[in-house]
Peer 1: 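Attaching a single structure in structure tokens format; questions to follow.
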Amino acid sequence: MSQYRLEVRVKPRPGLLDPQGKAIHHSLNSLGWDGVADVRVGKAIYIDLEAESAESAIAAAEEMCRKLLANPVTEDFAVALEQEAAAS
Amino acid sequence: MKVAVITFPGSNCDHDLYKAAQQVGGDASFVWHRERGLDGFDVVLLPGGFSYGDYLRPGAIARMSPIMDDVMSFAKAGGPVLGICNGFQVLCEAGLLPGALVRNDALKFRSHDVRLRVERVDTLFTSDYELGQILRVPIAHGDGNYEADEETLNALEDEGRVVFRYVDRNGEAVESANPNGSWHNIAGIVNESGNVLGMMPHPERAMEELLGSTDGVGVFTSMMNSLSTAPA
């Protein structure tokens, strides 16, 4: 078993109104960044997990997303491996 | 009518619901979220509040509480379940109702009275109202913007599952009467079989003239009457 650190990104689905992103978008425009065309706000969740392999760690995190971490109605998710620590 | 009021850590309308149920002659009990079993109850109420501090998403953690397995079985067996505000969010997270409640479009927490139009009077929860009746009931939420995919939204309208809609003083579902950006001014919906209702406004806070409105009473008397006339 190895220890893995995973980064789970959860973001609002395309097309869904993201009022936070919109507010930040307006603020960036008013600060002078006229080129900012769109802003979406999601969240990142960091999970330390013991697993047999990187693949099984990722599979577990994806299952966590489907069950709890993301709402399939409004959010998409992506799981990435951050690092593999030495086996304890 | 034996009424279960489910209490999660962070629920804050559980006592209002308990009192509303008692006011119409119900026999209410609090059921803590870690308890199991709903045998003997006729109605299950999920209160408003901020269960688990709204961490992750409103209702997402509460939905995993032990008692929710029993609420799911109770609802699937046809038992009446009413979720108000955070209770509505929990019902959506649990999949007992379709869609999701996301951040209000103006990003503001809205706490004031709204007008609701009663769109269905053939449900367990609304039989004491007149079709098209306008109710004055408070809201208090930051995440009440009802969203779902297009297919679901069309099905809700086609099947007449929108029970309450935000309207103006003329009873029109106009944009200016919509406090949170909900699609088609949706304030409350039922599931396909009609035994699960979720709504963002708080009928349990509109039970006494002294507090500004008694328009919420009908939700509770409807349940009381529907259940006492139902065959045993």
Side-chain angles (χ1 to χ4, degrees), chain A residues 4-31 33 36-51 57-80 82, chain B residues 51-65 68-69 72 86 88-110 141-156 175 178-186 189 198:
Chain A
Y4 296 93
R5 169 158 291 181
L6 298 149
E7 186 191 66
V8 174
R9 289 187 189 190
V10 180
K11 60 177 181 184
R13 297 192 69 169
L16 187 87
L17 177 74
D18 173 20
Q20 280 190 88
K22 213 167 123 188
I24 293 168
H25 182 184
H26 288 319
S27 279
L28 290 174
N29 285 158
S30 66
L31 282 170
W33 279 287
V36 176
D38 192 26
V39 179
R40 312 280 284 170
V41 178
K43 56 191 140 197
I45 301 165
Y46 299 92
I47 298 174
D48 291 338
L49 174 70
E50 207 170 69
I58 289 170
E62 286 175 346
E63 188 60 14
M64 292 174 202
C65 287
R66 283 189 282 271
K67 287 220 165 111
L68 176 68
L69 302 180
N71 182 331
V73 178
T74 54
E75 294 167 328
D76 288 329
F77 62 84
V79 175
E82 265 217 330
Chain B
S51 57
Y52 292 92
D54 276 353
Y55 289 169
L56 195 61
R57 298 179 303 278
I61 312 276
R63 172 254 178 286
M64 301 294 167
S65 292
M68 282 307 294
D69 282 345
M72 302 283 279
N86 190 222
F88 186 10
Q89 295 162 338
V90 173
L91 289 173
C92 287
E93 283 286 342
L96 285 172
L97 290 172
L101 293 143
V102 300
R103 188 62 49 88
N104 293 349
D105 61 350
L107 285 172
K108 289 197 173 81
F109 188 95
R110 302 290 296 264
H141 61 250
D143 300 77
N145 181 353
Y146 185 77
E147 294 283 348
D149 60 54
E150 210 176 313
E151 196 183 329
T152 305
L153 294 168
N154 291 331
L156 285 175
E175 202 181 321
N178 187 340
N180 51 36
S182 285
W183 189 80
H184 278 202
N185 288 39
I186 286 176
I189 56 168

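Keep in mind it's a predicted model, so treat the numbers as computed, not measured. Quick note on labels: first sequence line is chain A, next is B, and so on, each numbered from 1.
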Peer 1: Listed by chain and number, what are the salt bridge (Lys or Arg N to Asp or Glu O under 4.0 Å) partners of B:Glu147, not counting sequence neighbours?
Peer 2: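 With sequence neighbours excluded, B:Glu147 shows a salt bridge (Lys or Arg N to Asp or Glu O under 4.0 Å) to no residue whatsoever.
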Peer 1: Which residue is it: B:Leu153, B:Asn185, B:Asn180? I am looking for the one with a side chain to side chain contact (heavy atoms under 4.5 Å, CB included) to B:Tyr146.
Peer 2: B:Leu153
Peer 1: Can you list the residues that meet the side chain to side chain contact (heavy atoms under 4.5 Å, CB included) rule with B:Leu107, with sequence neighbours excluded?
Peer 2: A:Pro19, A:Gln20, A:Ala23, B:Arg103
Peer 1: Any salt bridge linking A:Glu7 with A:Arg9? Criterion: basic side-chain nitrogen under 4.0 Å from a carboxylate oxygen.
Peer 2: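 Counted as a salt bridge, because a side-chain N and a carboxylate O are separated by less than 4.0 Å.
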Peer 1: Do any of residues 59-68 of chain A have a heavy atom less than 4.5 Å from a heavy atom of chain B, and if so, which, in residue order?
Peer 2: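 At a heavy-atom separation under 4.5 Å, chain B is reached by A:Lys67, A:Leu68.
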Peer 1: Testing the 3.5 Å rule here: is there a donor-acceptor pair between the side chains of A:Asn71 and B:Glu93?
Peer 2: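 Yes, B:Glu93 and A:Asn71 have a side-chain donor paired with an acceptor closer than 3.5 Å.
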Peer 1: Taking A:Val10, A:Asp18, A:Leu69, A:Leu16 one by one, which has the highest count of heavy-atom pairs under 4.5 Å against chain B?
Peer 2: A:Leu69
Peer 1: Which residues satisfy the side-chain hydrogen bond (donor to acceptor under 3.5 Å, both in side chains) test with A:Thr74, sequence neighbours excluded?
Peer 2: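 For A:Thr74 there are no side-chain hydrogen bond (donor to acceptor under 3.5 Å, both in side chains) partners, ignoring immediate neighbours.
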Peer 1: If only side-chain N and O atoms count, and only distance matters, is there a donor-acceptor pair under 3.5 Å linking B:Asn145 with B:Asp105?
Peer 2: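 B:Asp105 vs B:Asn145: no donor-acceptor pair found between side chains.
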Peer 1: Where does B:Asn104 contact chain A at under 4.5 Å (heavy atoms): side chain, backbone, both or neither?
Peer 2: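 For B:Asn104, the contact with chain A is made by the backbone alone.
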